[in-house]
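Contents: one structure, followed by commentary.
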Amino acid sequence: MMDAGIVAAELRECAARAGLAGLAIGPARPLEEAAARLRERVRKGFAGHYGLTEGSEERFCRPDLLLPGARSLICCALSYLRPSEPDAPARGSLTGVIARFARGRDYHLVLREKLAVVEARLKELVPGCSTRILCDTGPLMDRAAALASGLGRAGKNACVFAGESGSWVVLGEIVTDAELPFDEPFRDHLCGSCELCLAACPTGAIVSPFEIDLNRCISHLTQMSGIIPRELRPLMGTMIYGCDICQEVCPQNASAVPGDPSGLEPGPVPAYPDLIGLLEMTQREFESSLKKGSPGWIGRNRLRRNACVALGNLGDPAAVPALLKALHDPSAVVRAHAAWALGRIGDPAALEILRKRLTREQDPYVLDEIRAALS
């Protein structure tokens, strides 16, 4: 076998050629510190809607269980920071906001393609080795793996800062049974005494440095299933998928260098989608557009639900006809959030229609939302 140090150097060069922002190698052993932190998050109720229960945390921190005989964990970062972003629409327009990572092609596909290039090079250098690629697609905490491998440092917003790319990165891994030299993890962070991200988070989801309550995180709220907690909706602004606020205010990101744009060209997801068009989007329209991008996995109705919340926060009566139409939608989740948005707008004619809807609505969640809107 080729010298392991030479293999590692070759993989780094291959990653750079493929357009990845960084590569680091850690041991494929249990991430014990991450597991302890995750157990504490579960105990505090901060784990969001991922179905985590006490005792189930270990499987998210065991790269050694993902591949028989796993020895090394190759962690990679892909920057999605572009040299420029589209200008925000004029004030008063009925548009929402899609987070930066989700505006191009589906990053899962792009990252997998680039990881596959590194994987192929590894198999050339270490014939017969086994591998498994993960890119937010398996039971492994990507951020914990990246930190344990030395790919980057932790920020107080719980993001991973990967060199000159800042925190504008998505993460993926290659688990392998090849024995490679390990990089040293960083033992410090970049934040110093700065806590701008804590102050800027609208929902207070960053409850303390490095600790996130996913139940309050806007990015999580836009992606979770079901009913968004009523008290958090006004704090979500016009976010439709994801949230960039804690990264945008971070001084460490001010000097971040844009990444390699190859593969992350603008895709089917606009940065500032028209909210009425989004709410009225048919399944066929969804299949041919948004489903092909990163937000597609949450489905059409969650995106339409989020559009209702954004329209309610904008408070423009121009949205009333579309929201009234949504009151008759087959999805109870869409109907519930449409009722809330109508209550926020407060149009007298719309409120009268909400009163009439009380006599015909059968779903208890929607009825509760209508009553709350009328009160």
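As the structure is a computational prediction, the values presented were derived from the model and not from experiment. Positions are given from 1 along the sequence.
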Please lay out, stage by stage, how D188 and R153 fare under the test salt bridge (charged side-chain N to carboxylate O under 4.0 Å, His left out).
CA-CA 7 Å; D188 60 346; R153 291 177 168 89; 2.9 Å; yes
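Seen from the ring of W297, R302 counts as a face-on cation partner, given the 6.0 Å and 45° thresholds. A cation-pi arrangement, defined by a distance under 6.0 Å to the six-membered ring centre and an angle within 45 degrees of its axis, is present between R103 and Y272.
Between the side chains of N253 and S167, a donor-acceptor pair is found at a separation under 3.5 Å. Inspection of the R233 and N313 side chains reveals no N or O donor paired with an N or O acceptor under 3.5 Å. No side-chain donor-acceptor contact under 3.5 Å links E285 and S289. A donor-acceptor contact closer than 3.5 angstrom links the side chains of H328 and R357. The closest side-chain donor-acceptor pair between D136 and Y107 falls under 3.5 angstrom.
Here the side chains of N215 and M224 are not in contact, with every heavy-atom distance at 4.5 Å or above. Considering only heavy atoms from C-beta on, I227 comes within 4.5 Å of H337 through its side chain. Inter-residue side-chain proximity for V269 and S294 is flagged as unmet; no heavy-atom pair is nearer than 4.5 Å. Proximity of L196 to C250: side-chain heavy atoms (C-beta onward) are nowhere separated by under 4.5 Å.
Atom CD of Q362 has 12 or fewer neighbouring heavy atoms from other residues, nucleotides or ligands inside a 6.0 Å radius. Around CD of E124, the count of heavy atoms belonging to other residues, nucleotides or ligands within 6.0 Å exceeds 12. Annotation: E195, atom CD; neighbour count of heavy atoms from other residues, nucleotides and ligands within 6.0 Å is above 12. Other residues, nucleotides and ligands contribute over 12 non-hydrogen atoms within 6.0 Å of the NZ atom of K123.
Of the candidates K44, R37, K156, E211 forms a side-chain hydrogen bond (donor to acceptor under 3.5 Å, both in side chains) with just one, namely K44.
A salt bridge does not link R335 to E369: none of the charged nitrogens lies less than 4.0 Å from a carboxylate oxygen.
Of all the heavy atoms in A70 and V175, the pair that sits closest is CB-CG1, 3.6 Å.
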